K.L.:
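The structure under discussion is supplied below as structure tokens; questions concerning it will follow.
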Protein chains: 2
Amino acid sequence: MSKTKELNLKEQIIDAARRVLLSEGYRNFSLRKIAGEIDVSATSIYLHFENKDDLVHTLMEQAIERLNNQLQQVVSEADSPIAKLEALAYEYVRFALKYQREYQIIHLTSSDEMTRYPKEKFRKARKGYEIVSNVLQEGADGGLIAEEKPRMAAYTFWAQLHGVMSVVLSKRLDTRINRQEFIDEAIEHIIDGYKIRTALQTNNK
Amino acid sequence: MSKTKELNLKEQIIDAARRVLLSEGYRNFSLRKIAGEIDVSATSIYLHFENKDDLVHTLMEQAIERLNNQLQQVVSEADSPIAKLEALAYEYVRFALKYQREYQIIHLTSSDEMTRYPKEKFRKARKGYEIVSNVLQEGADGGLIAEEKPRMAAYTFWAQLHGVMSVVLSKRLDTRINRQEFIDEAIEHIIDGYKIRTALQTNNK
DNA sequence: ACGCAAAGGTTAACAGTGTTAACTTTTTTA
DNA sequence: TAAAAAAGTTAACACTGTTAACCTTTGCGT
């Protein structure tokens with residue numbers, strides 16, 4: 001029927017898709033369900049997206065963009081490089097916990113579940129890496145961080161953090177381990193791994 | 001037809017399932033395809049497994065067991081705790097690269113793609129954590145590793161490593177970054193994060 | 001203002017999925 | 001050898017993503 005074309009149908013589809021994803025999870029994320037949400041036929045999705053993967057990629061792209069913006073924000077509010085790394089890590093964690101399903105979508109490609117993420121979209125996603133890369137460089141210049149390959153280290157940094165959140169979200173943590181403690185401990189270790197390794201720098205906690 | 005019941009059908013199904021998984025990937029992993037492999041009707045899978053997830057869980061279980069055995073092996077061959085951590089990390093990497101699809105299956109639950117991993121099977125999976133936990137304890141006793149919560153640290157250790165391999169396998173690495181270098185660097189950082197933080201201990205490389 | 005082309009959207013259909021119920025065959029047991 | 005239990009099959013259901021063919025509305029050029 002499509003009574004009102006109130007908005008760009010493409011936007012409507014994306015919105016509905018996100019709603020379905022958030023409420024039903026990726027497993028029950030179907031084109032017909034999305035279409036039903038906005039009273040439109042399932043096939044009209046194909047007018048705006050090549051296929052289901054394409055739609056999911058769009059969701060991924062937006063989620064990544066949102067995350068990157070948040071990261072950009074917090075990094076500008078901290079001052080020392082170490083504090084920045086910590087702030088970035090905790091913001092990442094916050095995002096992953098708050099938007100679990102979207103976070104999972106971001107890391108879905110991994111499971112070969114999905115066509116590879118297209119490389120045009122890939123470029124935008126790199127912003128998060130650049131942020132960390134800059135912080136690491138800054139820290140290296142200031143003699144706080146031991147890192148001669150900041151770009152690479154930025155990738156290892158996020159990878160480590162992703163692994164931590166992946167375990168948390170998949171609920172595979174040993175029940176004897178408290179989630180928040182786990183996160184705190186992990187972040188501490190990760191950041192320690194980048195600190196310069198000469199003087200003893202205990203952080204007062 | 002099922003001419004020969006050469007073996008326990010359950011075993012045959014598991015074997016066929018693994019073959020299909022390895023050759024087709026999880027995306028095209030279907031019960032009918034598995035059944036076709038061994039000339040049996042798709043529904044007979046239900047005689048031995050509750051449902052598809054149950055079958056996948058069985059595959060996961062076996063893959064985890066195999067991985068844990070490998071880990072057990074290498075840890076016994078190294079001597080210092082640090083060397084053991086390194087050996088464990090590299091064995092993990094080797095496994096993930098060699099049996100990519102099985103590795104991915106192990107970490108599939110994460111994507112909510114799948115019913116939660118049943119907790120009886122969960123217990124067996126913990127062996128890998130215990131191995132690292134012991135090494136960390138050993139290192140702490142020897143004053144090489146700063147860790148008062150070895151169990152928790154074991155989880156953070158594997159989580160980080162998983163994150164690293166997850167990025168590698170999803171082919172999301174910046175093309176300017178060499179894969180092996182990335183892995184090496186990441187492992188170094190991860191292990192550094194657990195080393196005691198007083199004397200400078202440069203490893204000669 | 002009219003006709004026509006194109007855009008936007010729909011219906012019907014295909015091939016495939018996991019899963020269930022009802023049926024048939026084989027094996028075991030008494 | 002007959003009855004009971006186990007092992008397996010066929011048919012069907014309710015879905016899935018995707019394509020081709022069709023209809024309907026919109027905008028445009030004359």
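Order of the sequence lines fixes the chain letters, A, B, ..., with proteins taken first and strands second; residue numbering starts at 1 for each chain. On a predicted model such as this, the values are computed, not experimentally measured, just so you know.
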K.L.:
Not counting sequence neighbours, which residues clear side-chain hydrogen bond (donor to acceptor under 3.5 Å, both in side chains) with A/Asp141? List them please.
P.N.:
A/Gln137
K.L.:
In this structure, how many angstroms lie between the C1' atom of C/dG8 and the CD1 atom of A/Ile45, rounded?
P.N.:
14 Å
K.L.:
Using OP1 and OP2 only, check whether a side-chain N or O of A/Thr43 sits under 4.0 Å from C/dT10.
P.N.:
no
K.L.:
Please report, rounded to the nearest Å, how far the C1' atom of C/dA7 is from the CG atom of A/Leu47.
P.N.:
9 Å
K.L.:
Are any protein N/O atoms closer than 3.5 Å to N/O atoms in nucleotides 16-18 of chain C? If there are, list each pair with its distance.
P.N.:
| from | atom 1 | to | atom 2 | distance (Å) |
| --- | --- | --- | --- | --- |
| C/dT17 | OP1 | B/Ser30 | OG | 2.8 |
| C/dG18 | OP1 | B/Leu31 | N | 3.2 |
| C/dG18 | OP1 | B/Lys52 | NZ | 3.0 |
| C/dG18 | OP2 | B/Leu31 | N | 3.0 |
| C/dG18 | N7 | B/Arg32 | NH1 | 2.7 |
| C/dG18 | O6 | B/Arg32 | NH2 | 3.0 |

K.L.:
Consider only side-chain N and O atoms of A/Asp184 and A/Gln180, and report whether a donor and an acceptor are under 3.5 Å apart.
P.N.:
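The answer is yes; a qualifying pair exists.
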K.L.:
Round to a whole Å and report the spacing from CD of B/Gln12 to P of D/dA7.
P.N.:
14 Å
K.L.:
Please list, chain by chain and in numerical order, all residues satisfying salt bridge (charged side-chain N to carboxylate O under 4.0 Å, His left out) with A/Lys52, sequence neighbours excluded.
P.N.:
none
K.L.:
Give the rounded distance in Å between these two atoms: CD1 of B/Ile13 and C1' of D/dT9.
P.N.:
14 Å
K.L.:
Please state how far atom CZ in B/Phe49 lies from atom P in C/dT20, giving the value in whole angstrom units.
P.N.:
16 Å
K.L.:
In this structure, how many angstroms lie between the C1' atom of C/dT19 and the CG atom of B/Asp54, rounded?
P.N.:
14 Å
K.L.:
Would you kindly give the CD1-to-P distance between A/Ile38 and C/dG8, to the nearest whole Å?
P.N.:
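After rounding, the gap between these two atoms is 15 Å.
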K.L.:
Who are the salt bridge (charged side-chain N to carboxylate O under 4.0 Å, His left out) partners of B/Glu37, not counting sequence neighbours?
P.N.:
B/Arg19
K.L.:
Return all side-chain donor-acceptor pairs below 3.5 angstrom for residues 127-134 of chain A, not counting sequence neighbours, or 'none' if the list is empty.
P.N.:
| from | atom 1 | to | atom 2 | distance (Å) |
| --- | --- | --- | --- | --- |
| A/Lys127 | NZ | A/Asn69 | OD1 | 3.2 |
| A/Asn134 | ND2 | A/Glu130 | O | 3.4 |

K.L.:
Does A/Ser44 place a side-chain N or O at less than 4.0 Å from the phosphate oxygens OP1/OP2 of C/dT10?
P.N.:
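For A/Ser44, the contact criterion (side-chain N or O under 4.0 Å from OP1 or OP2 of C/dT10) is met.
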K.L.:
To the nearest Å, how far apart are B/Leu55 CG and C/dT19 C1'?
P.N.:
14 Å
K.L.:
Please name all residues satisfying salt bridge (charged side-chain N to carboxylate O under 4.0 Å, His left out) with B/Glu181, sequence neighbours left out, ordered by chain then number.
P.N.:
none
